[in-house]
Amino acid sequence: MLKVAFATSDRASVDQHFGASLGFAIHAIDSEHAKLVEVIEFPEESMDGNEDKLAQKIAALSGCAAVYCLAVGGSAVRQLLAAGIQPIRLD
């Protein structure tokens, strides 16, 4: 099973910037099934460039192969890749 995270405020759509995400829905996916396995929630964050918030979010995604989000900053991309998590930006 592959674990994938989605930056979401409503657990139904990818609608959050990675750094300011209110939460992540983590799904386990295999060739035939996808199953919600965990929901992680965070307090509301401002888009202020506070680097400390990134470490907590990246740690929460440990074991995930990828994270889907609406936007992700350069510092977060570098940190996610270093943790083995591929950031995927959606339009």
Side-chain angles (χ1 to χ4, degrees):
M1 289 227 140
L2 183 69
K3 284 175 49 178
V4 179
F6 300 90
T8 181
S9 65
D10 63 5
R11 300 182 187 174
S13 59
V14 176
D15 62 356
Q16 297 284 292
H17 180 287
F18 177 79
S21 182
L22 298 175
F24 297 100
I26 299 177
H27 292 259
I29 301 169
D30 66 19
S31 62
E32 297 179 19
H33 302 92
K35 178 182 177 183
L36 178 66
V37 293
E38 185 176 5
V39 173
I40 302 168
E41 295 180 340
F42 299 96
E44 191 167 343
E45 298 275 0
S46 65
M47 299 285 285
D48 61 3
N50 176 4
E51 295 293 317
D52 295 336
K53 68 184 173 197
L54 296 178
Q56 178 185 14
K57 290 180 180 182
I58 292 168
L61 300 182
S62 178
C64 289
V67 58
Y68 288 80
C69 52
L70 289 185
V72 59
S75 178
V77 167
R78 288 187 294 280
Q79 291 177 59
L80 284 162
L81 292 173
I85 303 166
Q86 178 66 51
I88 301 170
R89 184 183 160 279
L90 300 178
D91 291 327

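The shortest heavy-atom contact between Ala34 and Ile29 is CB-CG1, 4.1 Å. Taking each heavy atom of Cys64 and Ile85 in turn, the nearest pair found is O-CG1, 3.4 Å. The two residues Ile40 and Glu38 have their closest heavy-atom pair at CG1-OE2, 3.7 Å. When all heavy atoms of Ile58 and Ala83 are compared, the closest pair comes out as CG2-CB, 3.7 Å. Considering every non-hydrogen atom in both Phe18 and Leu61, the closest pair reads CE1-CD1, 3.7 Å. Considering all non-hydrogen atoms of both residues, Gln16 and Leu22 come closest at OE1-N, 3.1 Å.
No single ILVMFWY cluster, assembled from side-chain heavy atoms under 4.5 Å apart, contains both Leu2 and Ile26.
A cation-pi arrangement is present between Lys57 and Phe42, with the terminal nitrogen or guanidinium carbon under 6.0 Å from the aromatic centre and inside a 45° cone about the axis.
No side-chain heavy atom of Val67 sits less than 4.5 Å from a side-chain heavy atom of Val4. Counting only heavy atoms from C-beta outward, the side chains of Leu80 and Leu54 never approach each other to under 4.5 Å. For the pair Leu70 and His17, the minimum side-chain heavy-atom distance is 4.5 Å or more.
Atom-to-atom distance recorded for Ser21:OG and Phe6:CZ is 12.5 Å, nearest 0.5 angstrom. In this structure, CG on Asp15 lies 3.5 Å from OG on Ser9, to the nearest 0.5 angstrom. Summarising the geometry, atom SG belonging to Cys69 is positioned 8.5 Å from atom CD1 belonging to Ile88; distances are rounded to the nearest 0.5 Å.
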